[in-house]
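Read through the structure below, which is laid out as structure tokens, and then see the notes.
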Amino acid sequence: MFENLSDKLNSVFKKLKGQGTLTEKNIDDGLKEVRFALLEADVHYRIVKQFIADIRERAVGADVLESLTPGQQVIKIVYEELTRLMGETRQDLNLTGQAPVSVMLVGLQGSGKTTTAAKLAVYLKKQGRKPFLVPADVYRPAAIDQLKKLGSQVQVPVFASDPGMNPVDICRQARVAAQQQGCNTLLLDTAGRLHIDEALMEELVGIKQAVSPSDILLVADAMTGQDAVNIAQSFNERLDIGGVILSKMDGDARGGAALSIKAVTGRPIKFVGVGEKTNALEAFHPDRMASSILGM
Amino acid sequence: VPGKKLDDQTLEDLEELLITADIGVKATTELIAGLSKQAAGITDPDHLKEAIKEMILPYLEDDRPTDEATRPLATPHVIMVIGVNGVGKTTTIGKLAARHRANGKKVMLVAADTFRAAAIEQLSIWADRTGADILKHRENSDPAAVAYDGVEAARARGVDVVIVDTAGRLHTKVNLMEELKKIKRSMSKTMPDAPHEVLLVLDATTGQNAISQTELFTKAADVTGIVLTKLDGTAKGGIAINLRHSFGIPIQYIGVGEQVEDLQPFDPRAFLDAMF
Ligand SMILES: Nc1nc2c(ncn2[C@@H]2O[C@H](COP(=O)(O)OP(=O)(O)OP(=O)(O)O)[C@@H](O)[C@H]2O)c(=O)[nH]1
Ligand SMILES: Nc1nc2c(ncn2[C@@H]2O[C@H](COP(=O)(O)OP(=O)(O)OP(=O)(O)O)[C@@H](O)[C@H]2O)c(=O)[nH]1
Ligand SMILES: [K+]
Ligand SMILES: [Mg+2]
Ligand SMILES: [Mg+2]
């Protein structure tokens with residue numbers, strides 16, 4: 001599992017076998033490789049910088065455990081720190097509040113919101129809840145059709161939105177419709193938008209005010225690069241999000257964006273998307289994510 | 001001071017600028033090493049930026065024509081559009097259709113994404129918007145058969161430009177990449193040199209994974225050009241530099257919005273000016 005980075009670290013530390021503690025010099029050589037790995041994984045430049053500084057402090061002077069090589073020792077520290085930063089305990093959807101409750105999905109264009117809405121519907125159904133899918137994207141061609149089709153695939157009712165309606169009205173009316181149909185959990189699928197699009201960001205604020213969602217989830221693509229911090233920060237500032245879903249983790253993306261997003265928002269990553277099918281949603285595991293980011 | 005070395009802070013700022021533009025840590029290190037030799041004596045940050053741009057520019061310049069109005073096209077000219085999920089393939093096809101329509105071409109869109117929910121409906125809307133024909137089968141039908149029929153129908157109907165939409169797929173999924181090869185082959189069965197172009201769509205927000213995407217899509221489908229979408233956000237699209245350098249594939253267009261007019265020919269100078 002730990003080949004890539006640990007091989008490199010072991011070669012850096014080869015000379016040190018048998019020394020009792022990690023010195024500043026050999027730590028720095030090793031941390032160069034760690035830094036490289038994190039940047040290659042798309043963790044944000046500044047976050048890497050802070051992270052490396054923290055690790056260095058923890059590692060310098062640490063006793064090398066007899067059972068580990070210095071390379072393994074550094075990896076162990078890095079891995080533990082990374083897991084800790086990503087949030088140790090698993091956090092589920094927040095569904096508290098007066099029924100019917102709403103969960104709102106937001107994010108950039110194409111990040112996976114609509115697909116994730118259907119996945120969450122499946123997840124909620126399994127827990128005995130009664131989900132209601134709400135297409136609130138009136139802009140993208142055939143966005144409403146897409147959610148309608150997904151809804152019928154997973155056998156979950158879908159609100160009859162019309163592209164001529166206003167997204168805030170859609171969400172408001174959908175609450176009433178959900179209640180009438182005996183559904184207790186609305187999944188609001190909003191249109192993709194850029195975090196710098198003032199008018200469309202304001203629209204999200206309007207939806208939030210109108211229906212007071214119990215949870216607001218930022219759906220972010222695992223392949224996102226350095227811009228992840230700007231995106232996450234903007235969405236969080238405007239909406240005070242409750243968590244993040246990282247989509248498209250089924251490829252070879254290392255997913256450094258996860259760390260960047262967690263670091264700037266402080267919000268937990270709640271799920272990861274691992275495929276296009278409606279069952280391809282998994283609980284987030286910080287330790288697996290740490291391994292992925294380190295390329296291990 | 002001539003001959004003076006760049007100080008550490010300047011170098012670090014420069015490194016941050018390049019890495020946060022998604023240029024990648026390796027390419028950044030190489031660029032800075034090159035600059036330290038070349039630009040010794042430059043202390044003004046703006047001059048440094050200019051020097052960096054001059055270093056990168058040759059990587060991005062390309063002599064292949066991208067202008068649809070002047071370049072020679074086969075009849076019909078078949079363009080296949082590929083890429084990972086959600087990058088903007090279908091939207092780019094709509095925009096591209098509009099460009100060809102503006103040149104008076106008869107355009108047909110081929111709905112070979114038979115998998116994603118409402119992908120066919122989405123492409124149909126773009127066909128309506130741009131006055132293009134559309135060839136479509138039912139949902140979940142064989143995409144290779146759709147592509148074959150598309151080229152066949154285009155020849156029969158005297159279409160000038162055929163643009164084939166494909167389902168988004170992650171480059172690491174072997175079976176889906178095999179399917180892509182099959183779609184491509186099916187077109188050459190009815191027209192030996194088709195597709196004439198294979199456009200790989202990449203999202204500018206993507207980080208270093210774009211390298212793996214380009215590598216594996218090129219291996220499967222001989223990509224002839226890249227379209228870099230979503231440059232209207234705050235992502236700089238620095239991966240393009242690495243791609244152009246490592247794979248030699250030209251960046252042909254950039255996407256700068258969701259509307260039909262938001263596709264522009266790639267301009268290396270303007271791209272770099274927007275970057276720093
Ligand atoms: N491989 C993979 N594909 C995914 C995943 N989640 C979503 N997708 C695909 O990504 C593409 C975009 O997904 P959508 O759900 O349409 O994204 P969106 O955020 O609603 O897009 P807009 O509404 O246009 O902003 C589709 O092709 C989905 O099938 C995932 O976890 N893995
Ligand atoms: N801001 C911006 N959004 C874009 C651009 N190009 C496409 N989009 C949006 O990105 C989202 C995904 O676009 P699609 O064209 O459906 O992407 P796709 O690659 O066909 O997606 P799949 O077929 O699901 O893999 C849509 O919401 C588009 O409106 C662009 O240049 N800028
Ligand atoms: K962008
Ligand atoms: Mg959507
Ligand atoms: Mg598409």
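A note on names: the letters A, B, ... follow the listed sequences, proteins ahead of strands, and every chain is numbered from 1. Just so we're clear, the structure is a prediction, and the values are computed from it rather than from any experiment.
Counting heavy atoms from C-beta on, the side chains of Leu281(A) and Val274(A) never come closer than 4.5 Å. Val219(A) has its side chain out of reach of Val244(A): every pair of non-hydrogen atoms, C-beta onward, lies at least 4.5 Å apart.
Nearest approach of Ala210(B) to Ile239(B), heavy atoms of both residues: CB-CD1, 3.5 Å. Between Leu60(B) and Ala240(B) the shortest heavy-atom distance is CD2-O, 4.2 Å.
Heavy atoms of Leu147(A) lying under 4.5 Å from chain B are absent altogether. Interface residue Val84(B): only side-chain heavy atoms are found under 4.5 Å from chain A.
Phe217(B) is linked by a ring pair (Phe, Tyr, Trp, His ring centres under 6.0 Å) to nothing, counting only residues two or more places apart in sequence or in another chain. With sequence neighbours left out, Phe271(B) forms a ring pair (Phe, Tyr, Trp, His ring centres under 6.0 Å) with Phe266(B). For Tyr123(A), the ring pair (Phe, Tyr, Trp, His ring centres under 6.0 Å) partners at least two apart in sequence or on another chain are Phe271(A).
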Suppose we count any N or O donor within 3.5 Å of an acceptor, strictly below that value; which pairs fall between chain A and chain B?
| unit_1 | atom_1 | unit_2 | atom_2 | d |
| --- | --- | --- | --- | --- |
| Arg35(A) | NH2 | Glu15(B) | OE1 | 2.9 |
| Arg35(A) | NH2 | Glu15(B) | OE2 | 3.4 |
| Asp42(A) | OD1 | Gln208(B) | N | 2.9 |
| Asp42(A) | OD2 | Gln208(B) | N | 3.1 |
| Tyr45(A) | OH | Glu15(B) | OE1 | 2.7 |
| Arg46(A) | NE | Glu16(B) | OE2 | 2.7 |
| Arg46(A) | NH2 | Glu16(B) | OE1 | 3.4 |
| Arg46(A) | NH2 | Glu16(B) | OE2 | 2.8 |
| Lys49(A) | NZ | Glu12(B) | OE2 | 2.5 |
| Gln109(A) | O | Lys230(B) | NZ | 2.8 |
| Gln109(A) | NE2 | Glu258(B) | OE2 | 2.8 |
| Arg140(A) | NH2 | Gln122(B) | OE1 | 3.3 |
| Lys149(A) | NZ | Glu121(B) | OE2 | 2.8 |
| Lys149(A) | NZ | Glu139(B) | OE1 | 2.5 |
| His195(A) | NE2 | Thr234(B) | OG1 | 2.7 |
| Met223(A) | O | Gly207(B) | N | 2.9 |
| Gly225(A) | N | Thr205(B) | O | 2.8 |
| Gln226(A) | N | Asp22(B) | OD1 | 2.8 |
| Asp227(A) | OD1 | Thr234(B) | OG1 | 2.9 |
| Asp227(A) | OD2 | Thr234(B) | OG1 | 2.9 |
| Asp227(A) | OD2 | Ala235(B) | N | 3.2 |
| Lys248(A) | NZ | Asn85(B) | O | 2.8 |
| Asp250(A) | OD2 | Lys173(B) | NZ | 2.3 |
| Asp252(A) | OD1 | His171(B) | NE2 | 2.7 |
| Asp252(A) | OD1 | Asn209(B) | ND2 | 2.8 |
| Asp252(A) | OD2 | Ser212(B) | OG | 2.5 |
| Glu276(A) | OE1 | Asn85(B) | ND2 | 3.1 |
| Glu276(A) | OE2 | Asn85(B) | ND2 | 3.4 |

